[in-house]
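Have a look at the structure below, then the notes.
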Amino acid sequence: MPQSVLVVEDDALIASSLVRALGANGFEARACGTVADAIAALDEQAPDLVLLDLGLPDGEGADVAFHAARDHPTVPVIVLTARDGEIDVVLSLEAGAVDYVTKPFRLAELLARIRSHLRLRDALVANAADRDGVLDLDGLRVDLAARRVTAGGSEIALRPKEFDVLALLVRTSGTVVTREQLIEEVWDENWWGSTKTLDVHINSIRRKLGERAGSPSRITTIRGVGYRLERGAP
Ligand code: CA
């Protein structure tokens, strides 16, 4: 079944070309042009993802992001913004949007972000069902209920945030998780610390998994983007 995207955009030309482009790339897309129609469309049949223009004729796009985050928390919202819309972007991210793309954007970049957020969403939803279960990935065993990790049968002592980072990487193994997604999932939304903290945690996890600096790691660094836990031993 194709994944569905709701395009909220009052510029009819942009809306129709987005719907066409998304359709050509395997998505089922529909468009609406006001805050009221967007909220009605979300409530009537929630899409898999929302693309949200912020300047809408009857209100702020941030209201749509807020509504989606509150009533449809598994639907990622990506904001489409003009270059000068920095304040609006901050407000939308605070309201619950997961990402933003600046207009004019390249279609390839927009599609990549849509797919990345849908993959992360799918992984989180699929694993929410067995949140108390045990994840097992090639000898790396993560017990979510007991918050214990073993590798090849030996217990690995992780600090709480290290456990959360590793559990998320195992849940989404084989796909890239962006730095922003990791920080948003593991640290709370009010976290204003340096993103260096994330690298420190990753390096500590690597060490505790018995990996030496410079040798192959199960956790691949995608420079400037994020991390991917590889399936299969390095
Ligand atoms: Ca607009």
Side-chain angles (χ1 to χ4, degrees), residues 1-122 124-125 176-181 183-185 189-192 224-226:
M1 214 175 80
Q3 289 183 296
S4 58
V5 176
L6 176 65
V7 177
V8 185
E9 167 66 79
D10 62 323
D11 182 320
L13 202 62
I14 297 178
S16 65
S17 65
L18 269 174
V19 166
R20 209 168 38 243
L22 288 164
N25 283 278
F27 294 98
E28 194 182 278
R30 59 200 160 114
C32 61
T34 64
V35 170
D37 286 350
I39 287 175
L42 268 162
D43 290 346
E44 191 184 311
Q45 193 186 7
D48 290 300
L49 183 139
V50 175
L51 291 181
L52 178 64
D53 173 43
L54 292 179
L56 296 168
D58 62 334
E60 300 299 323
D63 294 342
V64 178
F66 179 76
H67 179 81
R70 189 191 57 195
D71 289 2
H72 308 281
T74 62
V75 179
V77 174
I78 299 178
V79 165
L80 306 174
T81 177
R83 208 163 282 283
D84 54 6
E86 202 169 306
I87 298 289
D88 293 337
V89 170
V90 171
L91 288 176
S92 310
L93 293 174
E94 282 176 351
V98 297
D99 204 355
Y100 69 95
V101 175
T102 305
K103 295 181 198 174
F105 47 80
R106 291 185 307 126
L107 183 63
E109 186 198 343
L110 180 64
L111 289 171
R113 293 205 190 201
I114 289 172
R115 292 193 175 111
S116 162
H117 285 289
L118 285 173
R119 272 197 310 269
L120 180 68
R121 195 281 309 260
D122 289 350
L124 293 176
V125 168
V176 178
V177 184
T178 67
R179 304 176 61 83
E180 291 77 19
Q181 288 168 339
I183 286 168
E184 191 174 310
E185 289 294 327
E189 59 200 36
N190 300 314
W191 188 68
W192 294 103
V225 179

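Atoms within each ligand, like the ligands themselves, are counted from 1 in listed order.
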**OP:** Only one of Leu80, Val5, Asp11 passes side-chain contact (heavy atoms from CB on, under 4.5 Å) with Leu18; say which it is.
**Re:** Leu80

I'd like to know if the side chain of [X] and the backbone of [Y] have a donor-acceptor N/O pair within less than 3.5 Å.
X      : Y      : result
Glu60  : Ala62  : no
Gln181 : Thr178 : yes
Asp37  : Gly33  : no

Subject >> Pairwise distance CG(Asp10) to CG(Leu54) - rounded to 0.5 angstrom >> reply: 10.5 Å

Subject >> Separation between CZ of Arg113 and CG of Leu49, rounded to the nearest 0.5 Å >> reply: 12.5 Å

**OP:** Take the Ca ion (ligand 1) and tell me which protein N, O or S atoms are nearer than 3.0 Å.
**Re:** Asp10 OD1, Asp53 OD2, Gly55 O

